[in-house]
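First comes the structure, then the notes that go with it.
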Number of protein chains: 2
Amino acid sequence: MVEFDDLDRQILDLLLEDARRSFREIADEIGRSAPTVSNRVDRLRELGVIRRFTLDIDRSMLTTGEQSLVVARVQPSAAEPLADALADDEAVEHVLRGVGGTVVAKATVDTSTLDGLLGDLSEAYPDADWSVEPLVGTRWDPHLGVTGGFGLVCTVCGNTITEDGVDVEVESGNRHVVCCSTCAADITEQYERLADAE
Amino acid sequence: MVEFDDLDRQILDLLLEDARRSFREIADEIGRSAPTVSNRVDRLRELGVIRRFTLDIDRSMLTTGEQSLVVARVQPSAAEPLADALADDEAVEHVLRGVGGTVVAKATVDTSTLDGLLGDLSEAYPDADWSVEPLVGTRWDPHLGVTGGFGLVCTVCGNTITEDGVDVEVESGNRHVVCCSTCAADITEQYERLADAE
DNA sequence: CCTGAAACGCCTCCGTT
DNA sequence: AACGGAGGCGTTTCAGG
(Lines give C-alpha, C1' and ligand atoms only; values in the text may rest on other atoms or scores of the structure.)
Protein backbone atom coordinates (compact mmCIF):
# COMPACT_ATOMS: atom_id res chain seq x y z
CA MET A 1 0.00 0.00 0.00
CA VAL A 2 1.35 3.35 -1.03
CA GLU A 3 -0.97 6.22 -1.46
CA PHE A 4 -1.21 9.85 -0.71
CA ASP A 5 -4.59 11.43 -0.23
CA ASP A 6 -6.34 14.60 0.79
CA LEU A 7 -5.84 13.77 4.47
CA ASP A 8 -2.09 13.72 4.02
CA ARG A 9 -2.24 17.01 2.19
CA GLN A 10 -4.24 18.63 4.99
CA ILE A 11 -1.85 17.32 7.62
CA LEU A 12 1.14 18.67 5.70
CA ASP A 13 -0.57 22.02 5.28
CA LEU A 14 -1.25 22.34 9.00
CA LEU A 15 2.26 21.24 9.96
CA LEU A 16 3.88 23.62 7.47
CA GLU A 17 2.02 26.40 9.26
CA ASP A 18 3.02 25.23 12.74
CA ALA A 19 5.09 22.10 13.09
CA ARG A 20 4.56 21.94 16.87
CA ARG A 21 0.80 21.84 16.61
CA SER A 22 -0.46 18.85 18.58
CA PHE A 23 -1.68 15.79 16.72
CA ARG A 24 -4.89 16.01 18.63
CA GLU A 25 -5.52 19.53 17.34
CA ILE A 26 -4.79 18.41 13.78
CA ALA A 27 -7.09 15.43 14.30
CA ASP A 28 -9.96 17.72 15.35
CA GLU A 29 -9.32 19.96 12.35
CA ILE A 30 -9.49 17.16 9.81
CA GLY A 31 -12.14 15.08 11.55
CA ARG A 32 -10.03 12.09 12.51
CA SER A 33 -8.50 10.73 15.68
CA ALA A 34 -5.07 11.57 17.07
CA PRO A 35 -3.62 8.08 16.48
CA THR A 36 -4.56 8.35 12.81
CA VAL A 37 -2.66 11.61 12.49
CA SER A 38 0.30 10.12 14.32
CA ASN A 39 0.38 7.12 11.98
CA ARG A 40 0.10 9.31 8.89
CA VAL A 41 2.93 11.55 10.03
CA ASP A 42 5.13 8.53 10.72
CA ARG A 43 4.42 7.25 7.25
CA LEU A 44 5.17 10.61 5.64
CA ARG A 45 8.51 10.72 7.46
CA GLU A 46 9.40 7.17 6.46
CA LEU A 47 8.54 7.83 2.84
CA GLY A 48 10.77 10.89 2.91
CA VAL A 49 8.00 13.34 2.03
CA ILE A 50 8.66 15.04 5.36
CA ARG A 51 12.42 15.49 5.37
CA ARG A 52 12.53 17.13 8.77
CA PHE A 53 10.77 19.29 11.35
CA THR A 54 12.64 22.54 11.60
CA LEU A 55 12.54 26.30 12.19
CA ASP A 56 12.32 29.40 10.09
CA ILE A 57 14.70 31.80 11.80
CA ASP A 58 15.08 35.54 11.24
CA ARG A 59 18.82 35.70 10.87
CA SER A 60 18.83 39.44 10.39
CA MET A 61 18.29 39.66 14.14
CA LEU A 62 21.42 37.70 14.98
CA THR A 63 25.05 38.73 14.77
CA THR A 64 25.63 35.36 13.14
CA GLY A 65 23.29 36.64 10.48
CA GLU A 66 25.80 37.72 7.83
CA GLN A 67 24.72 35.77 4.83
CA SER A 68 25.61 35.54 1.19
CA LEU A 69 23.68 34.89 -1.95
CA VAL A 70 25.52 33.01 -4.68
CA VAL A 71 24.11 32.70 -8.18
CA ALA A 72 26.03 30.69 -10.76
CA ARG A 73 25.20 29.77 -14.32
CA VAL A 74 26.99 26.77 -15.78
CA GLN A 75 26.44 24.18 -18.48
CA PRO A 76 23.37 22.18 -17.47
CA SER A 77 25.48 19.02 -17.21
CA ALA A 78 27.78 20.72 -14.69
CA ALA A 79 24.96 22.01 -12.50
CA GLU A 80 24.46 18.90 -10.40
CA PRO A 81 28.10 18.41 -9.37
CA LEU A 82 28.38 22.12 -8.66
CA ALA A 83 25.25 22.01 -6.51
CA ASP A 84 26.68 19.03 -4.64
CA ALA A 85 30.00 20.75 -4.09
CA LEU A 86 28.28 23.83 -2.71
CA ALA A 87 26.00 21.78 -0.48
CA ASP A 88 28.99 19.95 0.98
CA ASP A 89 30.36 23.16 2.45
CA GLU A 90 29.28 23.55 6.04
CA ALA A 91 28.53 27.24 5.61
CA VAL A 92 26.07 26.56 2.80
CA GLU A 93 22.53 26.13 4.03
CA HIS A 94 20.41 26.16 0.88
CA VAL A 95 21.06 25.06 -2.68
CA LEU A 96 18.56 25.41 -5.53
CA ARG A 97 19.21 24.07 -8.99
CA GLY A 98 17.34 24.91 -12.18
CA VAL A 99 17.16 22.63 -15.19
CA GLY A 100 18.94 25.21 -17.35
CA GLY A 101 22.14 25.25 -15.32
CA THR A 102 21.36 27.98 -12.78
CA VAL A 103 22.54 27.18 -9.27
CA VAL A 104 21.59 29.35 -6.31
CA ALA A 105 23.14 28.98 -2.87
CA LYS A 106 22.55 30.70 0.42
CA ALA A 107 25.47 30.61 2.85
CA THR A 108 25.52 31.63 6.49
CA VAL A 109 28.79 33.56 6.24
CA ASP A 110 29.71 36.89 4.73
CA THR A 111 31.03 37.12 1.19
CA SER A 112 34.68 37.53 2.15
CA THR A 113 34.67 34.36 4.26
CA LEU A 114 33.09 32.52 1.33
CA ASP A 115 35.98 33.47 -0.93
CA GLY A 116 38.03 30.34 -0.32
CA LEU A 117 35.31 27.96 -1.39
CA LEU A 118 34.27 30.07 -4.33
CA GLY A 119 37.86 30.50 -5.53
CA ASP A 120 38.25 26.73 -5.81
CA LEU A 121 34.91 26.35 -7.52
CA SER A 122 35.66 29.14 -10.00
CA GLU A 123 38.73 27.23 -11.08
CA ALA A 124 36.83 23.96 -11.33
CA TYR A 125 34.10 25.59 -13.42
CA PRO A 126 35.96 28.13 -15.57
CA ASP A 127 33.01 28.71 -17.92
CA ALA A 128 30.67 29.58 -15.09
CA ASP A 129 29.16 33.01 -14.68
CA TRP A 130 29.25 33.90 -10.97
CA SER A 131 27.72 36.48 -8.71
CA VAL A 132 28.09 36.77 -4.96
CA GLU A 133 26.32 39.35 -2.85
CA PRO A 134 25.53 39.99 0.77
CA LEU A 135 22.01 38.74 1.35
CA VAL A 136 19.78 41.46 2.74
CA GLY A 137 16.33 39.95 2.94
CA THR A 138 14.63 36.60 2.93
CA ARG A 139 10.95 35.80 3.00
CA TRP A 140 9.38 32.42 3.30
CA ASP A 141 5.74 31.50 3.16
CA PRO A 142 5.61 27.73 3.62
CA HIS A 143 2.82 25.99 1.74
CA LEU A 144 2.16 23.09 -0.58
CA GLY A 145 1.74 23.82 -4.26
CA VAL A 146 -1.25 25.85 -5.39
CA THR A 147 -2.10 23.48 -8.19
CA GLY A 148 -5.10 21.28 -7.62
CA GLY A 149 -3.79 17.76 -7.94
CA PHE A 150 -1.67 15.89 -5.49
CA GLY A 151 -0.30 12.42 -5.09
CA LEU A 152 3.00 10.60 -5.05
CA VAL A 153 5.27 10.43 -8.05
CA CYS A 154 7.17 7.35 -9.19
CA THR A 155 10.90 8.01 -8.82
CA VAL A 156 11.62 5.77 -11.82
CA CYS A 157 9.16 6.79 -14.53
CA GLY A 158 7.49 9.91 -13.13
CA ASN A 159 3.95 8.56 -13.27
CA THR A 160 1.47 9.19 -10.50
CA ILE A 161 1.32 6.43 -7.94
CA THR A 162 -2.00 4.66 -7.45
CA GLU A 163 -3.04 1.72 -5.31
CA ASP A 164 -0.70 -0.47 -7.40
CA GLY A 165 2.26 1.48 -5.96
CA VAL A 166 5.13 -0.42 -4.43
CA ASP A 167 7.38 0.66 -1.58
CA VAL A 168 10.86 -0.76 -2.27
CA GLU A 169 13.52 -1.02 0.39
CA VAL A 170 16.95 -0.92 -1.22
CA GLU A 171 19.80 -2.41 0.72
CA SER A 172 21.25 0.75 2.26
CA GLY A 173 18.02 1.05 4.24
CA ASN A 174 16.81 3.76 1.86
CA ARG A 175 13.34 3.48 0.47
CA HIS A 176 11.91 4.37 -2.87
CA VAL A 177 8.32 4.64 -3.91
CA VAL A 178 7.51 3.47 -7.41
CA CYS A 179 4.32 3.03 -9.39
CA CYS A 180 4.43 -0.64 -10.38
CA SER A 181 6.40 -3.88 -10.13
CA THR A 182 8.26 -3.13 -13.37
CA CYS A 183 9.71 0.07 -11.93
CA ALA A 184 10.40 -1.77 -8.67
CA ALA A 185 12.46 -4.37 -10.57
CA ASP A 186 14.22 -1.53 -12.40
CA ILE A 187 15.34 0.24 -9.28
CA THR A 188 16.35 -2.96 -7.49
CA GLU A 189 18.51 -3.87 -10.49
CA GLN A 190 20.09 -0.41 -10.53
CA TYR A 191 21.10 -0.73 -6.91
CA GLU A 192 22.47 -4.21 -7.40
CA ARG A 193 24.61 -3.01 -10.28
CA LEU A 194 25.85 -0.19 -8.05
CA ALA A 195 26.72 -2.65 -5.29
CA ASP A 196 28.57 -4.91 -7.75
CA ALA A 197 30.64 -2.00 -9.00
CA GLU A 198 32.10 -1.48 -5.53
CA MET B 1 16.30 42.63 29.71
CA VAL B 2 17.15 41.66 26.17
CA GLU B 3 19.96 39.29 25.62
CA PHE B 4 20.85 36.32 23.58
CA ASP B 5 23.32 33.83 24.95
CA ASP B 6 24.88 30.48 24.33
CA LEU B 7 21.83 28.72 25.79
CA ASP B 8 19.60 30.30 23.16
CA ARG B 9 22.04 29.31 20.46
CA GLN B 10 22.07 25.69 21.62
CA ILE B 11 18.29 25.57 21.78
CA LEU B 12 18.01 26.94 18.25
CA ASP B 13 20.58 24.45 17.00
CA LEU B 14 18.68 21.51 18.48
CA LEU B 15 15.33 22.74 17.20
CA LEU B 16 16.69 23.39 13.71
CA GLU B 17 17.69 19.75 13.66
CA ASP B 18 14.35 18.49 14.92
CA ALA B 19 11.66 20.98 15.79
CA ARG B 20 9.46 18.38 17.48
CA ARG B 21 12.13 17.35 19.93
CA SER B 22 10.69 17.58 23.44
CA PHE B 23 11.65 20.48 25.67
CA ARG B 24 12.63 18.02 28.34
CA GLU B 25 15.11 16.34 26.00
CA ILE B 26 16.57 19.73 25.07
CA ALA B 27 16.75 20.61 28.76
CA ASP B 28 18.76 17.47 29.52
CA GLU B 29 21.05 18.21 26.59
CA ILE B 30 21.88 21.73 27.72
CA GLY B 31 21.80 21.07 31.46
CA ARG B 32 18.72 23.09 32.36
CA SER B 33 15.13 22.34 33.31
CA ALA B 34 12.23 21.94 30.92
CA PRO B 35 10.46 25.14 32.07
CA THR B 36 13.61 27.10 31.27
CA VAL B 37 13.64 25.77 27.72
CA SER B 38 9.94 26.51 27.37
CA ASN B 39 10.44 30.09 28.56
CA ARG B 40 13.40 30.65 26.26
CA VAL B 41 11.53 29.34 23.25
CA ASP B 42 8.57 31.60 24.05
CA ARG B 43 10.91 34.55 24.24
CA LEU B 44 12.62 33.66 20.95
CA ARG B 45 9.22 33.48 19.26
CA GLU B 46 8.07 36.77 20.72
CA LEU B 47 11.27 38.49 19.66
CA GLY B 48 10.77 37.17 16.15
CA VAL B 49 14.04 35.23 16.07
CA ILE B 50 11.98 32.08 15.60
CA ARG B 51 9.59 33.02 12.82
CA ARG B 52 7.83 29.66 12.77
CA PHE B 53 8.04 25.94 13.35
CA THR B 54 7.70 24.23 10.02
CA LEU B 55 8.62 21.32 7.75
CA ASP B 56 11.18 20.62 5.10
CA ILE B 57 9.26 18.69 2.47
CA ASP B 58 10.60 16.74 -0.47
CA ARG B 59 8.40 18.15 -3.18
CA SER B 60 9.97 16.02 -5.87
CA MET B 61 7.91 13.16 -4.42
CA LEU B 62 4.61 14.95 -4.88
CA THR B 63 2.65 15.63 -8.03
CA THR B 64 2.21 19.16 -6.72
CA GLY B 65 5.97 19.35 -6.89
CA GLU B 66 6.39 21.26 -10.15
CA GLN B 67 8.44 24.23 -9.12
CA SER B 68 10.17 27.14 -10.74
CA LEU B 69 13.33 29.05 -10.05
CA VAL B 70 13.25 32.74 -10.89
CA VAL B 71 16.41 34.85 -10.90
CA ALA B 72 16.14 38.55 -11.65
CA ARG B 73 18.73 41.30 -11.65
CA VAL B 74 17.48 44.84 -11.28
CA GLN B 75 18.75 48.18 -10.05
CA PRO B 76 19.49 47.79 -6.34
CA SER B 77 16.84 50.38 -5.51
CA ALA B 78 14.20 48.33 -7.34
CA ALA B 79 15.09 45.06 -5.65
CA GLU B 80 13.00 45.50 -2.52
CA PRO B 81 9.71 46.35 -4.24
CA LEU B 82 10.30 43.53 -6.72
CA ALA B 83 10.96 41.09 -3.87
CA ASP B 84 7.76 42.26 -2.18
CA ALA B 85 5.74 41.88 -5.37
CA LEU B 86 7.02 38.35 -5.86
CA ALA B 87 6.40 37.41 -2.23
CA ASP B 88 2.81 38.63 -2.49
CA ASP B 89 1.98 36.00 -5.06
CA GLU B 90 0.49 32.95 -3.43
CA ALA B 91 2.51 30.56 -5.60
CA VAL B 92 5.79 32.08 -4.44
CA GLU B 93 7.21 30.34 -1.43
CA HIS B 94 10.73 31.74 -1.08
CA VAL B 95 12.27 35.10 -1.92
CA LEU B 96 15.95 35.96 -1.45
CA ARG B 97 17.34 39.42 -2.11
CA GLY B 98 20.98 40.40 -2.49
CA VAL B 99 22.33 43.86 -1.83
CA GLY B 100 23.42 44.23 -5.46
CA GLY B 101 19.93 43.89 -6.90
CA THR B 102 19.70 40.14 -7.41
CA VAL B 103 16.32 38.67 -6.49
CA VAL B 104 15.74 34.93 -6.37
CA ALA B 105 12.31 33.37 -6.00
CA LYS B 106 11.12 29.81 -5.71
CA ALA B 107 7.54 29.21 -6.77
CA THR B 108 5.43 26.08 -6.28
CA VAL B 109 4.03 26.08 -9.82
CA ASP B 110 5.55 25.25 -13.18
CA THR B 111 7.05 27.94 -15.36
CA SER B 112 4.11 28.24 -17.73
CA THR B 113 1.67 28.87 -14.88
CA LEU B 114 4.03 31.54 -13.57
CA ASP B 115 3.88 33.43 -16.84
CA GLY B 116 1.04 35.75 -15.85
CA LEU B 117 2.80 37.14 -12.82
CA LEU B 118 6.16 37.39 -14.52
CA GLY B 119 4.69 39.11 -17.58
CA ASP B 120 3.33 41.89 -15.37
CA LEU B 121 6.58 42.19 -13.47
CA SER B 122 8.64 42.30 -16.68
CA GLU B 123 6.62 45.30 -17.76
CA ALA B 124 6.98 46.97 -14.39
CA TYR B 125 10.75 46.40 -14.38
CA PRO B 126 11.76 46.84 -18.03
CA ASP B 127 15.49 47.06 -17.24
CA ALA B 128 15.51 43.78 -15.39
CA ASP B 129 17.39 40.73 -16.57
CA TRP B 130 15.20 37.66 -15.99
CA SER B 131 15.61 33.95 -16.00
CA VAL B 132 12.97 31.36 -15.22
CA GLU B 133 13.63 27.63 -15.12
CA PRO B 134 12.00 24.48 -13.83
CA LEU B 135 13.57 23.72 -10.48
CA VAL B 136 15.08 20.25 -10.41
CA GLY B 137 16.77 19.97 -7.06
CA THR B 138 16.79 21.59 -3.66
CA ARG B 139 18.93 20.81 -0.67
CA TRP B 140 18.64 22.30 2.75
CA ASP B 141 20.89 21.78 5.73
CA PRO B 142 19.41 23.92 8.50
CA HIS B 143 21.94 25.39 10.91
CA LEU B 144 22.95 28.63 12.54
CA GLY B 145 25.89 30.51 11.11
CA VAL B 146 29.33 28.95 11.32
CA THR B 147 30.95 32.13 12.60
CA GLY B 148 31.89 32.14 16.24
CA GLY B 149 30.02 35.11 17.65
CA PHE B 150 26.36 35.42 18.30
CA GLY B 151 24.01 37.89 19.84
CA LEU B 152 21.16 40.15 18.91
CA VAL B 153 21.57 43.05 16.53
CA CYS B 154 20.05 46.51 16.98
CA THR B 155 17.52 47.12 14.21
CA VAL B 156 18.32 50.86 14.24
CA CYS B 157 22.10 51.13 14.27
CA GLY B 158 23.30 47.55 13.74
CA ASN B 159 25.32 47.34 16.95
CA THR B 160 25.34 44.24 19.08
CA ILE B 161 22.83 44.31 21.88
CA THR B 162 24.13 44.01 25.43
CA GLU B 163 22.43 44.18 28.79
CA ASP B 164 21.52 47.80 28.01
CA GLY B 165 19.24 46.56 25.23
CA VAL B 166 15.65 47.75 25.09
CA ASP B 167 12.62 45.91 23.81
CA VAL B 168 10.31 48.49 22.26
CA GLU B 169 6.67 47.80 21.53
CA VAL B 170 5.50 50.01 18.68
CA GLU B 171 1.81 50.70 18.44
CA SER B 172 0.84 48.08 15.88
CA GLY B 173 1.79 45.43 18.43
CA ASN B 174 5.05 44.84 16.61
CA ARG B 175 8.22 44.73 18.64
CA HIS B 176 11.71 45.90 17.91
CA VAL B 177 14.88 45.17 19.76
CA VAL B 178 17.35 48.02 19.96
CA CYS B 179 20.68 48.54 21.70
CA CYS B 180 20.05 51.67 23.79
CA SER B 181 17.51 54.29 24.77
CA THR B 182 18.69 56.61 21.97
CA CYS B 183 17.81 54.05 19.34
CA ALA B 184 14.57 53.32 21.19
CA ALA B 185 13.61 56.99 20.97
CA ASP B 186 14.57 56.97 17.28
CA ILE B 187 12.33 54.12 16.38
CA THR B 188 9.42 55.37 18.46
CA GLU B 189 9.69 58.71 16.68
CA GLN B 190 9.79 57.03 13.28
CA TYR B 191 6.60 55.15 14.02
CA GLU B 192 4.87 58.25 15.33
CA ARG B 193 5.75 60.12 12.15
CA LEU B 194 4.35 57.23 10.16
CA ALA B 195 1.13 57.30 12.15
CA ASP B 196 0.79 61.06 11.67
CA ALA B 197 1.19 60.70 7.91
CA GLU B 198 -1.92 58.54 7.70
C1' DC C 1 16.41 33.90 35.95
C1' DC C 2 16.30 29.58 37.52
C1' DT C 3 14.42 25.12 39.77
C1' DG C 4 11.30 21.23 41.55
C1' DA C 5 6.73 19.54 42.29
C1' DA C 6 2.29 18.89 40.65
C1' DA C 7 -1.58 19.25 37.49
C1' DC C 8 -2.95 18.97 33.18
C1' DG C 9 -2.63 17.81 28.35
C1' DC C 10 -0.78 14.97 24.67
C1' DC C 11 1.07 10.88 22.42
C1' DT C 12 1.21 6.18 21.37
C1' DC C 13 0.42 1.28 22.12
C1' DC C 14 -3.23 -2.05 22.00
C1' DG C 15 -7.46 -4.34 21.45
C1' DT C 16 -11.44 -3.87 18.70
C1' DT C 17 -14.31 -2.86 14.66
C1' DA D 1 -7.38 1.74 7.93
C1' DA D 2 -9.29 3.94 11.89
C1' DC D 3 -11.13 4.45 16.70
C1' DG D 4 -11.38 4.60 21.99
C1' DG D 5 -9.17 3.76 26.20
C1' DA D 6 -5.19 3.58 29.25
C1' DG D 7 -0.66 4.32 30.70
C1' DG D 8 3.30 7.04 30.40
C1' DC D 9 5.61 11.28 28.80
C1' DG D 10 5.75 16.22 28.01
C1' DT D 11 4.45 20.91 29.14
C1' DT D 12 3.19 24.53 31.97
C1' DT D 13 2.01 26.83 36.09
C1' DC D 14 3.34 28.11 40.59
C1' DA D 15 5.92 28.85 44.80
C1' DG D 16 10.38 29.55 46.42
C1' DG D 17 15.48 30.72 46.07
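Order of the sequence lines sets the chain letters (A, B, ...), proteins ahead of strands, with each chain counted from 1. This one's a predicted model, so the numbers in the text were calculated from it and none came from an experiment.
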When you get a sec, tell me which of C:dC11, D:dA2, C:dC2 is the closest nucleotide to the side chain of A:Arg24? C:dC11

For the pair made of CZ in A:Phe4 and C1' in D:dA1, what is the distance, rounded to whole Å? 17 Å

A:Leu12 vs A:Ile50 side-chain heavy atoms within contact, under 4.5 Å: yes

Using the side-chain heavy atoms of A:Ser22, tell me which of these nucleotides is nearest: D:dT12, C:dC10, D:dG10. C:dC10

Under 4.0 Å, heavy atom to any atom of DNA chain C: which of residues 25-37 of chain A qualify? A:Ala34, A:Pro35

Is the shortest side-chain N to carboxylate O distance from A:Arg45 to A:Asp42 below 4.0 Å? no

Rounded to the nearest Å, what distance is computed from the CZ atom of residue A:Phe23 to the C1' atom of nucleotide D:dT11? 16 Å

Would you say the side-chain atoms of A:Tyr125 pair up with the backbone N or O of A:Val74, donor to acceptor, closer than 3.5 Å? no

Rounded distance in Å - CG (B:Asp8) to C1' (C:dC2): 14 Å

So, is A:Arg20 near the phosphate of D:dT11, with a side-chain N or O under 4.0 Å from OP1 or OP2? yes

Does any part of the side chain of B:Asp6, heavy atoms only, come nearer than 4.5 Å to the side chain of B:Ile30, both counted from C-beta? no

How are the rings of B:Trp140 and A:His94 set relative to one another: parallel (under 30°), tilted (30 to 60°) or perpendicular (over 60°)? parallel

Looking at B:Asp13 and B:Arg9, is any side-chain nitrogen of the basic one under 4.0 Å from a carboxylate oxygen of the acidic one? yes

Please test B:Asp84 against A:Arg139 for side-chain contact (heavy atoms from CB on, under 4.5 Å), starting from the C-alpha separation and ending with a verdict. CA-CA 9 Å; B:Asp84 289 344; A:Arg139 296 179 57 172; 2.9 Å; yes

Heavy-atom neighbours of A:Gln75 CD exceed 12 at 6.0 Å: no

To the nearest angstrom, how far is A:Asp6 atom CG from D:dA2 atom P? 13 Å

Contact under 4.0 Å: A:Ser38 side-chain N or O vs C:dC11 OP1/OP2: no

Which whole-number value in Å describes the distance from A:Asn39 CG to C:dC11 P? 13 Å

Choose from C:dC1, D:dT11, D:dA1 the nucleotide whose nearest atom is closest to any side-chain atom of B:Arg40. C:dC1

Kindly say if A:Arg21 contacts the phosphate of C:dC10, meaning a side-chain N or O under 4.0 Å from OP1 or OP2. no

Five-pair end axes of the helix from C:dC1-D:dG17 to C:dT17-D:dA1, angle between them (10°): 30°

In sequence, state the C-alpha distance, the side-chain angles, and the governing distance for B:Ile57 and B:Leu62, and then conclude on side-chain contact (heavy atoms from CB on, under 4.5 Å). CA-CA 9 Å; B:Ile57 286 181; B:Leu62 306 178; 4.2 Å; yes

